[in-house]
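Beneath this line is the structure, given in structure tokens, with notes to follow.
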2 protein chains.
Amino acid sequence: MGHCLTTLPSLRDALDVVSGKWKLMILVALATGHQRFRDIERSIPGISSKVLAKELKDLEQHQLVRRTVQEGPPVLVTYEVLPYADTLDPVIFALREWGINHRRKIMGASSEV
Amino acid sequence: MGHCLTTLPSLRDALDVVSGKWKLMILVALATGHQRFRDIERSIPGISSKVLAKELKDLEQHQLVRRTVQEGPPVLVTYEVLPYADTLDPVIFALREWGINHRRKIMGASSEV
DNA sequence: ATCTTTGCTTACCAAAAGTGAGCAGCTACC
DNA sequence: GGTAGCTGCTCACTTTTGGTAAGCAAAGAT
């Protein structure tokens, strides 16, 4: 119910860009004001610099993020979400709401035995 | 903007359950009436039986899916989405919408050079 | 009897993710 | 000026995950 025939292919298209452990997290980190590599890295618990570097490149290729180098010294590298990435807000919002709820469910279940 | 401090952790919670290439696709497949293993497998292009079996177990553990065995003969195994999985509808909807739009963007970009 | 379908599992290999170290370029401090 | 620290990464390595192909028992169809 509510799922039409184009659901699977479109979902596939979206997941191909956005699935994975880190991409959405990185976008949120950027959107909340973390622009520098180390800053982003610190704001996302558990991510490694290797993965961050790779995911940022990916996001750049998908035109969701822009990398800017201000020649120094010191050289300053900044990342920012491009406007197009804002179109992912509903996805992030939905996931976040679900996450909040799911945590409630899990916590609730363990104490209600 | 619009992102509060609980965004990252909640997003993490959600992604831990739901991220990956296949889980949402499987839920949609189930929701659109595919209940049998082979049926699901055929409805999701590119998935392998190994991965499907593993993801189904995962989804079962997260209480999003129920596996039912009707002793036969023939033995009949059916999978169904549990009501709780419906709470993911907004996520799926948002992703699907984004996928539709993203495809438009990609296609558009290649012809508008 | 043989072939097909179902619901998987098992080996095997490849790709991705995580770990830890390191490195060039700069600053900060005494 | 020596050493310590930060930045934005990369490299080599191990571990985990994914994908591919085959196979298998139970049953049904021909």
Side-chain angles (χ1 to χ4, degrees), chain A residues 8 11-30 32-62 64-81, chain B residues 8 11-30 32-62 64-81:
Chain A
L8 270 187
L11 196 55
R12 186 27 70 239
D13 289 343
L15 289 173
D16 284 342
V17 176
V18 118
S19 87
K21 266 174 94 166
W22 302 115
K23 290 203 182 74
L24 292 176
M25 303 276 290
I26 293 169
L27 290 178
V28 170
L30 288 169
T32 52
H34 306 91
Q35 320 195 75
R36 317 266 312 263
F37 190 92
R38 300 280 297 163
D39 194 14
I40 302 164
E41 197 176 356
R42 275 187 299 257
S43 79
I44 302 176
I47 203 169
S48 69
S49 29
K50 177 188 154 184
V51 172
L52 179 55
K54 187 231 160 201
E55 296 288 46
L56 282 171
K57 278 176 199 162
D58 253 48
L59 292 168
E60 227 191 314
Q61 283 205 337
H62 285 301
L64 297 168
V65 161
R66 179 169 55 209
R67 181 179 185 266
T68 315
V69 183
Q70 268 183 60
E71 292 303 340
V75 178
L76 184 64
V77 181
T78 38
Y79 293 90
E80 51 185 324
V81 262
Chain B
L8 269 186
L11 196 56
R12 187 27 68 238
D13 290 342
L15 289 172
D16 284 342
V17 177
V18 119
S19 86
K21 266 172 93 165
W22 303 114
K23 291 204 180 73
L24 292 176
M25 303 276 289
I26 293 170
L27 291 178
V28 171
L30 288 169
T32 52
H34 305 91
Q35 320 196 74
R36 316 267 312 264
F37 190 92
R38 299 280 296 157
D39 194 14
I40 302 164
E41 198 177 354
R42 275 188 299 258
S43 78
I44 303 177
I47 202 168
S48 68
S49 30
K50 178 188 156 185
V51 171
L52 178 56
K54 187 231 162 200
E55 296 289 47
L56 281 170
K57 278 176 199 163
D58 253 48
L59 291 169
E60 227 191 314
Q61 283 205 336
H62 285 300
L64 296 168
V65 161
R66 180 169 53 209
R67 181 180 185 265
T68 315
V69 183
Q70 269 184 59
E71 291 303 340
V75 177
L76 184 63
V77 182
T78 36
Y79 294 89
E80 50 185 323
V81 262

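Just so it is clear, the values below take in all heavy atoms, side chains as well, and ignore hydrogens, waters and symmetry mates. Chain letters run A, B, ... following the sequence lines, proteins first and then strands; every chain starts at 1.
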- Measure from the side-chain N and O atoms of B:R12 to the backbone N and O of A:K21, and report whether any donor-acceptor pair falls under 3.5 Å. yes
- Could you give the distance from CH2 (A:W22) to OG (B:S19), rounded to the nearest 0.5 Å? 9.5 Å
- Query: Quick one: CG on B:L56 to CG on B:L64, what's the gap to the nearest 0.5 Å?
  - Reply: 11.0 Å
- Heavy-atom side-chain contact between B:L27 and B:V65 under 4.5 Å: yes
- Starting at CG of B:L52, measure out to CD1 of B:I26 and round the result to the nearest 0.5 Å. 5.0 Å
- If you look at every heavy atom in B:L8 and A:S43, which pair is closest and at what distance? CD1-O, 3.3 Å
- Angle of first-five versus last-five pair axes in the helix from C:dA1-D:dT30 to C:dC30-D:dG1, to 10 degrees: 0°
- Give the B/S/- string for nucleotides 12-30 of chain D, one per nucleotide from 5' to 3', where a protein heavy atom under 4.0 Å of the base yields B, of only the sugar-phosphate yields S, and otherwise -. B-----BBB------SS--
- Message: Quick one, B:Y79 and B:R67 - any side-chain contact, counting heavy atoms below 4.5 Å?
- Response: yes
- Item | Counterpart residues, side-chain hydrogen bond (donor to acceptor under 3.5 Å, both in side chains), relative to B:R36 (two or more places apart) | none
- Task: Taking salt bridge (charged side-chain N to carboxylate O under 4.0 Å, His left out) as the test, write out the residues that go with B:D58, two or more places apart.
- Result: B:K23
- When every non-hydrogen atom of B:D39 is compared with those of B:G33, the smallest separation belongs to OD2-O, 4.2 Å
- Task: Measure the shortest side-chain to side-chain distance between A:V77 and A:F37 over non-hydrogen atoms and say whether it is less than 4.5 angstrom.
- Result: no
- Task: Extract, from 5' to 3' on DNA chain C, the first and final nucleotides lying under 4.0 angstrom from some heavy atom of chain B.
- Result: C:dT6 to C:dA11
- Here the residues of residues 33-44 of chain B within 4.0 Å heavy-atom distance, strictly under, of DNA chain C are B:R36, B:F37, B:R38, B:R42
- Task: Dump the intermediate steps for salt bridge (Lys or Arg N to Asp or Glu O under 4.0 Å) on B:E60 and B:K57, then the final yes or no.
- Result: CA-CA 5 Å; B:E60 227 191 314; B:K57 278 176 199 163; over 6 Å; no
